[in-house]
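Naming convention: chains lettered A, B, ... in sequence-line order (proteins, then strands); numbering from 1 in each chain. Only a predicted model underlies this, so the values are computations on that prediction, with no experimental measurement involved.
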There are 2 protein chains.
Amino acid sequence: MDVSAKPKLDDVARVAGVSTATVSRCLNEPAKVTSKTRERVLSAVEALGYTPNFGGRALASRKTHTVGAVIPTMENAIFARGLQAFQEALAEAGVNLLVASSGYDAEREAAQIRALVGRGADGILLIGTARPEKTRAFLKRFATPCVIAWSIGGPGDVYVGFDNVAAARAIAERVIAFGHRRIAMISGITAMNDRAAGRIAGVRAALSEAGLSPEGLVVEEVRYAFDEAGVALHRLMAAPEPPTAIICGNDVLGVGAIVAARRRGLTVPCDLSITGFDDIDIAALVEPGLTTVHVPHRRMGLAAAKALLDLIEGQPQDRHVSIETSIIERGSLGPAPRSSSIGR
Amino acid sequence: MDVSAKPKLDDVARVAGVSTATVSRCLNEPAKVTSKTRERVLSAVEALGYTPNFGGRALASRKTHTVGAVIPTMENAIFARGLQAFQEALAEAGVNLLVASSGYDAEREAAQIRALVGRGADGILLIGTARPEKTRAFLKRFATPCVIAWSIGGPGDVYVGFDNVAAARAIAERVIAFGHRRIAMISGITAMNDRAAGRIAGVRAALSEAGLSPEGLVVEEVRYAFDEAGVALHRLMAAPEPPTAIICGNDVLGVGAIVAARRRGLTVPCDLSITGFDDIDIAALVEPGLTTVHVPHRRMGLAAAKALLDLIEGQPQDRHVSIETSIIERGSLGPAPRSSSIGR
DNA sequence: AAATGAAATGTAAGCGCTTACAAAAAATCC
DNA sequence: GGATTTTTTGTAAGCGCTTACATTTCATTT
């Protein structure tokens, strides 16, 4: 026997002295096989170091026990915690996870979805709702089970998310309550990102409600990166009437802004208040701690996994899961300074 | 035509009025097909929304255009940058990446490797060298192309890594040069982690070389998490003769230690010096900046991808790539305090 | 002990694709 | 123009596995 060749089902069958069907059953539905033959087969499997070939199995059974997730980016920790929980819950159910990233690009997202479907993903996790009709149509056409996370989806969608508008509005209200009137935003890029857009809308809504002009809100759109936040902060503070509070679209931007403010000689929150969104690890590590919106990413990831698995099984379920967020006060948000001459 | 069913190669062939072989060639080796028929085929593909079935393809071609990576953890950023680069380089070559995590557990690593091989991964990336003989044997037996990263492997291995011992020794020498004599370490858990073990060995070597007792080095082994570093720091500083410098096994521990020190009322580096390892994002964000070993993760990831792809193609290549590290001074390492009464 | 039914096992037909080989068509040469 | 080479396309045999169905085995009943 050629030891270097991968053993196949046939080989196992021959060694165990049974048919291929029996070996297959032994591996997939052990109950349908006598304990005696099962033993023989399993020891043959062990002896040969047999590992079933995924392609063959997928082809024959039309099941891959694999789901895919297309996330915008792996570059920072935004999606890490939620995805980790998602993966853990899937693993529990014996399902594998394939992760792909789109770079916030609609074409790439579509391509990745196609690839995942081609790989036979039994279901797919997508982030947010912003995608072209074409992509939606593709998903619908092949009836691919699909769960949307991180956002509240439409009535036709299955989603496990949170209300970005309401959460942003809540933290903006908090900022306003601290007496801030000149408020600016450092946001993620809103193209193909409904979360970023929703958070801006939420802040505008809070301003409007407080009798402040929502159009007056200066928004810097940048990539989610520490240094980009710094550049944006410098631009904002160079204005003739710089803001006294900056609401950041997420914690990467928030932490970047805090660091940049400090390097600019500003004291947070005395001179300038800064808030974030997500409550990832580093929000608690910077000095001062970042006041932010806590998103229970793990809970969301677990719920998303459950929803997707149920959907694949065709079981009845909650098609709409809304996750509550909360505000964590850490110190980067404080009262508006009396004099507003800073930065002039 | 049933629109809900996934179109197959046959369907495309029928619509385009050619044979299945032509369609297949069109997709895989477009050069071998007239531009005229290629056009016809591609428009049929487009019209049907055809996506090749991965299982079928893998089965027939015995190639999956997929490689796997088993990394110890996805929970923190340690492997993120390198893996991202690895993935990008693979994508360039049209190869997909499957990521699995082992949680620093030998059994889980072995299981993940088997799963990846079963899925037909054309090759595998592993982190470090610490694994049982059984796992090695499995890899060797099925001649799975395999590259080791993050460490210097054995002569029989193909690796793209750096010398953890030398790098740790270098930064320890730097610490000693600053006058520190009471030095402690907060290390990752060394079981199944040759990088962590190597870094301790490097520090011991530097101590020894400087005429200090390597056995005297107090090492706290903890998981790579911010708060674990804090707990370890408190334990270290509670000793009758607390260290004046703490060398941390990586930046997660280093940053955690800086934050914990600050919360303990210690000024870094005046009261206590702290160093890290890796040079990830947050090392530059904490106050003071973390003095650390810079590891060119991206370069390592790219080189690892190249090595693995070459290995899969069977091309001659560098089997041993050694990546140079350097020390980045940021401020968390300073001269040893004159009086050493701190913490007593 | 023969008849009956249930449980265990075997047989063989694909799953959707690639690819060696054969056949046909087009391009080149004398 | 026919012979030869080159390029393009088609035919058909698997790749390794699952599973419907057929067959065998074995326990149970009469």
Side-chain angles (χ1 to χ4, degrees), chain A residues 2 5-42 44-45 48-66 114-115 117-122 142, chain B residues 1-2 5-42 44-45 48-66 94 114-115 117-122 142:
Chain A
D2 180 2
K6 285 204 183 94
K8 314 166 185 199
L9 202 70
D10 279 341
D11 301 323
V12 177
R14 196 163 346 99
V15 170
V18 298
S19 73
T20 60
T22 303
V23 176
S24 174
R25 274 189 287 260
C26 207
L27 265 31
N28 298 309
E29 310 159 290
K32 287 197 174 175
V33 156
T34 342
S35 61
K36 211 165 141 190
T37 47
R38 186 169 39 210
E39 237 168 66
R40 265 219 321 269
V41 169
L42 290 183
V45 165
L48 294 172
Y50 169 73
T51 310
N53 174 325
F54 176 78
R57 190 195 279 242
L59 198 52
S61 69
R62 261 145 298 176
K63 278 230 131 211
T64 57
H65 302 286
T66 295
R114 293 172 80 101
V117 169
R119 293 186 94 84
D122 296 333
F142 300 124
Chain B
M1 182 175 34
D2 180 2
K6 285 204 182 93
K8 315 165 185 200
L9 202 70
D10 279 339
D11 301 321
V12 176
R14 197 165 343 101
V15 170
V18 298
S19 73
T20 59
T22 304
V23 176
S24 174
R25 274 189 288 259
C26 207
L27 265 32
N28 299 309
E29 308 160 292
K32 287 198 174 174
V33 156
T34 343
S35 60
K36 212 163 135 189
T37 47
R38 185 168 40 206
E39 239 167 64
R40 266 219 321 270
V41 169
L42 290 184
V45 165
L48 294 172
Y50 169 74
T51 309
N53 173 321
F54 176 77
R57 190 195 278 242
L59 198 52
S61 68
R62 260 145 301 174
K63 279 226 130 215
T64 57
H65 301 286
T66 296
R114 293 174 78 100
V117 169
R119 292 187 94 82
D122 296 333
F142 300 125

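For the pair A:Arg25 (side chain) and A:Val33 (backbone), a donor-acceptor distance under 3.5 Å is absent. Although no hydrogens or angles enter the test, the distance criterion places no donor-acceptor pair under 3.5 Å between the side chain of A:Arg114 and the main chain of B:Thr51. In terms of modelled atom types and a separation under 3.5 Å, the side chain of A:Ser61 and the main chain of A:Lys63 share a donor-acceptor contact. With B:Arg40 contributing its side chain and B:Ala16 its backbone, the two residues share a donor-acceptor pair below 3.5 Å.
Atom NZ in A:Lys63 sits about 16 Å away from atom P in C:dG16, given to the nearest Å. Nucleotide D:dT9 holds its P atom 12 Å from the NZ atom of B:Lys32, rounded to whole Å. Distance CZ (A:Arg40) to C1' (C:dA8): 12 Å, rounded to an integer number of Å. One interatomic measurement links the two molecules: CZ of A:Phe54 to P of D:dG16, which rounds to 16 Å at whole-angstrom precision. Atom pair B:Asp10:CG and D:dT11:P shows a separation of 12 Å (rounding to whole Å applied).
The shortest non-hydrogen separation linking A:Asp122 to A:His65 is OD2-N, 2.8 Å. Closest approach of B:Val23 and B:Ala13 over heavy atoms only: CG2-CA, 3.7 Å.
The bend of the helix from C:dA1-D:dT30 to C:dC30-D:dG1, defined by the angle between the axes of its first five and last five pairs, stands at 40° to the nearest 10°.
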Q.
Each nucleotide in nucleotides 18-27 of chain C should get exactly one letter: B, S or -. Can you fill that in based on protein heavy atoms under 4.0 Å?
A. BB--------
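Salt bridge absent: A:Asp11 and A:Lys8 never bring a charged side-chain N and a carboxylate O closer than 4.0 Å.
Remark: B:Tyr50 OH to B:Leu27 CG distance equals 6.0 Å, nearest 0.5 Å.
Of the candidate nucleotides C:dG16, C:dA8, D:dC15, D:dC15 has the atom lying nearest to any side-chain atom of A:Lys8.
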